[in-house]
Structures are given as C-alpha cells and as structure tokens.
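Worksheet: the structure to be examined is printed underneath.
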Amino acid sequence: MQNASANALVPREAARSAPMADIQKIAQHMARLNVAAVPRNYELFHEAIVGLNAGLAQDIAALGSQPQQPMLDELGLKYRLVGHCGLAGETSRNEASRMLRDVAERLAEGLKHRSAFARACGTILKSVSGHDDQSLAAFLSEVDYLTASLSTVLAVEMEIGAKLQDDIKTLETLERGISAMQSAAIADRITGLPNRIALNRTITDLYKREEGAAGSALIMVDIDNFTNLNDKYGTQAGNKLLKKLAGLFSKSIKKNDFVARTEADEFALLFSNVGMQDAMTIAERLRASVEDNLVFATSDKADPGRLTISIGVALSTDAATPGQLQANARVALLAAQSNPRLPVQAFGR
C-alpha cells in the first residue's frame with residue numbers, strides 16, 4: 001500500500017496537460033468547421049472526440065464543413081447531452097409560457113362575451129319591466145337577441161374548454177419530456193449508470209447529512225489503455241466492455257452504495273460505512289474480478305484480450321469538502337496509473 005499524496009506530482013502535471021490538449025484539439029476542430037464557440041458545442045465535440053463516441057462523430061461529419069446550430073442542437077438532443085437537455089428544458093418552458101399566455105387571452109375574450117351578455121340581459125329586463133304595453137313581436141325580437149348572445153357565449157366557452165383540454169395534454173407531454181431530459185442528464189448513455197453529475201450530487205448530499213460524511217470511501221477506476229482498445233477493436237467492442245464493467249460494478253455494491261461512469265474510461269464507486277482497510281480490500285477484489293472475468297475476443301494469438309484497471313481510493317474522513325474527496329481519489333488514481341506494479345493505491349496511506 002503506497003502513499004499517493006506526496007509522490008503524485010508528475011501524474012498531476014500530466015493530468016493538467018492532457019485536458020488542455022483535449023481542449024485545444026476540440027477548439028481547433030470546431031474552428032475548422034466554423035462552429036460557434038459556445039459551451040454546448042464544446043460539450044458536443046468533447047463527447048465525439050474525447051468521449052470516443054463514434055456514432056456522434058459520424059453524425060457531425062455528415063453535417064458538412066459549416067454545420068448550422070439547429071442541426072448541432074438536434075444531435076445534442078439525440079445523444080442526450082447535458083447542455084442540450086437544458087436547452088430542451090428551456091424550449092419546453094418557453095412553449096408552456098406561450099400556451100398559458102394564449103389561454104389567458106382566450107379566457108379574457110370569453111369574459112368579454114359574458115359581460116356583454118349580462119349587459120344585454122339587464123338592458124332587456126329594464127325594457128320589459130318599463131313597458132307594459134310592449135308588443136309581442138318586440139319582446140320576441142329581444143329574446144332572439146338574447147338567444148344569439150347566449151349561443152355566442154356558449155360557443156366561445158366550448159372552444160376555450162376544448163383548447164384547454166388540448167393544452168393540458170400538451171403540457172403533460174412537455175412535463176414528461178422535461179422529466180426524461182432531467183433523467184438523461186444524470187445518466188450515462190452507454191452503460192445506463194449514473195454519470196459525473198449524479199456522482200457530484202450524491203457526494204454533495206453525503207456531506208450535507210446531519211451525521212456528516214465520515215465513514216465513506218470513494219474508489220476511482222480507470223481502464224488501462226482504453227483508447228488503444230477502441231482504436232484496435234472498434235468502439236462497438238469498447239462499448240460492450242463498458243457495459244460488462246458496469247454490470248460487474250453494479251453487482252459489487254450494496255443498497256446504500258453508489259456507482260457511476262464519470263468519463264469515457266473511468267468509473268467511480270462510493271461505499272458507505274467502510275474504513276481504509278475495507279476499502280482497499282474492496283478495490284483489490286474489484287481489480288481481480290475485472291482481470292479474471294473480462295476477457296474479450298481477439299484474433300491476435302499473442303494478445304489474450306485481458307482487461308486491466310488502475311484504482312485510486314480516498315476516505316471522506318480525509319476530505320473536508322466533496323471536491324476535496326474527489327481530488328484525493330484522483331491523486332491516488334494517478335499514482336496507480338503511473339505505477340503498473342501497484343495498480344491499487346490509497347490517498348495519504
């Protein structure tokens with residue numbers, strides 16, 4: 001078991017440079033395609049380039065050299081990216097507001113007709129009560145006018161009622177869509193596991209508990225050489241491996257534990273009521289389980305197709321904030337990645 005807090009300077013520097021290289025690559029690609037430098041577009045191209053989403057990359061390429069923003073937004077919604085889910089939510093809210101304004105205008109119009117009918121009733125009542133000698137023809141004429149006015153009121157109210165029914169159905173559809181988008185925003189599209197946003201929320205909730213966050217362990221897992229696996233065997237094979245890993249990790253947690261896929265090649269598991277010794281035992285068990293069970297088909301006889309992982313472990317007792325807990329686990333993971341002979345490492349131990 002190795003102290004991962006003091007000797008991880010080089011891995012941390014590497015970690016800083018790698019994201020910067022990714023950002024530069026994304027920015028250059030967007031510039032070549034004349035794509036607007038807005039956050040949701042960065043997210044779209046990050047998923048395609050860094051996230052190794054071959055389907056999205058092909059769809060972007062199919063749009064040509066100067067893709068229009070609405071087309072890019074459609075792709076973001078198709079692949080349920082977080083920034084675009086928010087955009088869909090905003091569009092739905094705007095549509096709901098427009099519908100409510102329309103309903104208010106229709107109701108105001110209906111009230112005008114009701115008021116006009118009430119005034120007509122009052123006028124005719126005064127006319128009838130003030131003229132005892134009024135002819136039957138004149139009386140019938142006023143009744144016909146009232147009948148016509150009432151028919152108009154009823155027709156308008158029926159129209160409003162029918163429109164309200166349609167609007168209610170539309171609002172229910174919008175609500176379901178927003179709910180689905182919100183769910184999609186915290187779920188990984190490939191594995192179905194919670195994503196980084198969900199992990200952040202879970203850890204934040206952990207630190208908000210009355211009893212505090214003590215007694216929890218965050219385990220970060222990185223698939224070794226995942227980019228090379230994707231390049232060699234294709235993204236379909238890579239996605240199958242991710243799903244198998246997700247299934248294996250899901251079976252490894254208990255009811256009050258949590259597992260998420262946080263990056264293209266990275267998972268995180270949050271265990272409650274464990275100390276460092278238990279957490280390290282769990283991590284070693286996860287590593288052995290992956291290496292023993294996840295073997296993929298390969299035509300290269302020299303390559304057994306065995307998957308390996310690196311793991312970093314951190315305790316909530318060593319972190320005052322959710323961000324610090326994740327940073328500590330990251331330091332431990334980087335130390336493990338830099339030393340294949342010690343693929344499981346703990347922060348501060």
Side-chain angles (χ1 to χ4, degrees), residues 4 15 19 43 46-47 51 80-86 89 178-223 242-283 285-287 289-290 309-334 336 344-348:
E43 180 190 23
H46 184 279
E47 174 69 13
R80 297 184 176 184
L81 301 185
V82 175
H84 293 79
C85 288
I178 291 174
S179 178
M181 287 299 179
Q182 288 173 337
S183 297
I186 58 172
D188 175 54
R189 185 180 55 82
I190 294 174
T191 63
L193 291 178
N195 61 11
R196 178 174 290 283
I197 294 174
L199 175 68
N200 291 341
R201 289 181 183 177
T202 301
I203 296 177
T204 299
D205 290 343
L206 174 70
Y207 274 78
K208 285 180 179 177
R209 291 189 319 189
E210 213 172 292
E211 62 271 27
S216 295
L218 178 62
I219 295 177
M220 282 191 176
V221 178
D222 182 86
I223 305 170
L242 290 172
K243 290 176 183 176
K244 287 181 179 179
L245 266 178
L248 189 151
F249 291 153
S250 295
K251 292 176 182 176
S252 302
I253 63 172
K254 297 178 182 177
K255 183 180 179 182
N256 294 325
D257 300 330
F258 184 85
V259 59
R261 181 188 176 217
T262 53
E263 298 289 348
D265 56 355
E266 189 176 288
F267 292 80
L269 298 95
L270 187 66
F271 290 91
S272 57
N273 301 317
V274 294
M276 183 55 80
Q277 185 174 351
D278 290 336
M280 289 297 288
T281 299
I282 292 170
R285 191 184 303 132
L286 287 174
R287 183 196 61 77
S289 181
V290 168
I309 57 176
S310 299
I311 301 178
V313 182
L315 293 184
S316 57
T317 50
D318 296 326
T321 65
Q324 187 61 53
L325 175 61
Q326 294 194 57
N328 291 352
R330 173 73 58 192
V331 168
L333 176 61
L334 291 172
V344 179
Q345 296 209 29
F347 177 82

Mind listing the closest non-hydrogen atom pair of [X] and [Y] along with its distance?
{"X": "I223", "Y": "F267", "result": "CD1-CE1, 4.1 Å"}
{"X": "L315", "Y": "A217", "result": "CD2-CB, 3.7 Å"}
{"X": "Q345", "Y": "A332", "result": "O-CB, 3.6 Å"}
{"X": "G215", "Y": "T317", "result": "N-CG2, 4.0 Å"}
{"X": "D257", "Y": "S272", "result": "OD1-N, 3.1 Å"}
{"X": "I190", "Y": "K243", "result": "O-CE, 3.4 Å"}

So, does [X] use its side chain to make a donor-acceptor pair with the main chain of [Y] at under 3.5 Å?
{"X": "R261", "Y": "E263", "answer": "yes"}
{"X": "R189", "Y": "G192", "answer": "no"}
{"X": "T281", "Y": "Q277", "answer": "yes"}

Taking it one step at a time, do Y207 and L325 satisfy side chain to side chain contact (heavy atoms under 4.5 Å, CB included)? CA-CA 10 Å; Y207 274 78; L325 175 61; 3.7 Å; yes

With rounding to the nearest 0.5 Å, note down the distance linking [atom1] in [X] to [atom2] in [Y].
{"X": "F271", "Y": "S252", "atom1": "CZ", "atom2": "OG", "result": "6.5 Å"}
{"X": "I253", "Y": "I219", "atom1": "CD1", "atom2": "CD1", "result": "11.5 Å"}
{"X": "I309", "Y": "D265", "atom1": "CD1", "atom2": "CG", "result": "12.0 Å"}
{"X": "S289", "Y": "K251", "atom1": "OG", "atom2": "NZ", "result": "9.5 Å"}
{"X": "I203", "Y": "L218", "atom1": "CD1", "atom2": "CG", "result": "5.0 Å"}
{"X": "R330", "Y": "M220", "atom1": "CZ", "atom2": "CE", "result": "4.5 Å"}

Should R201 and T204 be marked as a side chain to side chain contact (heavy atoms under 4.5 Å, CB included) after you check the CA-CA gap, both sets of side-chain angles, and the distance that decides it? CA-CA 5 Å; R201 289 181 183 177; T204 299; 5.6 Å; no

Close side-chain approach of P322 and L206, heavy atoms under 4.5 Å: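 Not touching, per the 4.5 Å side-chain cut-off.
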
As a quick check of understanding, evaluate side chain to side chain contact (heavy atoms under 4.5 Å, CB included) for V221 and F249, giving each step before the final call. CA-CA 10 Å; V221 178; F249 291 153; 3.9 Å; yes

Quick one: which of L193, T191, I197, L199 gives a side chain to side chain contact (heavy atoms under 4.5 Å, CB included) with N195?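 Among L193, T191, I197, L199, the one that satisfies the side chain to side chain contact (heavy atoms under 4.5 Å, CB included) with N195 is I197.
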
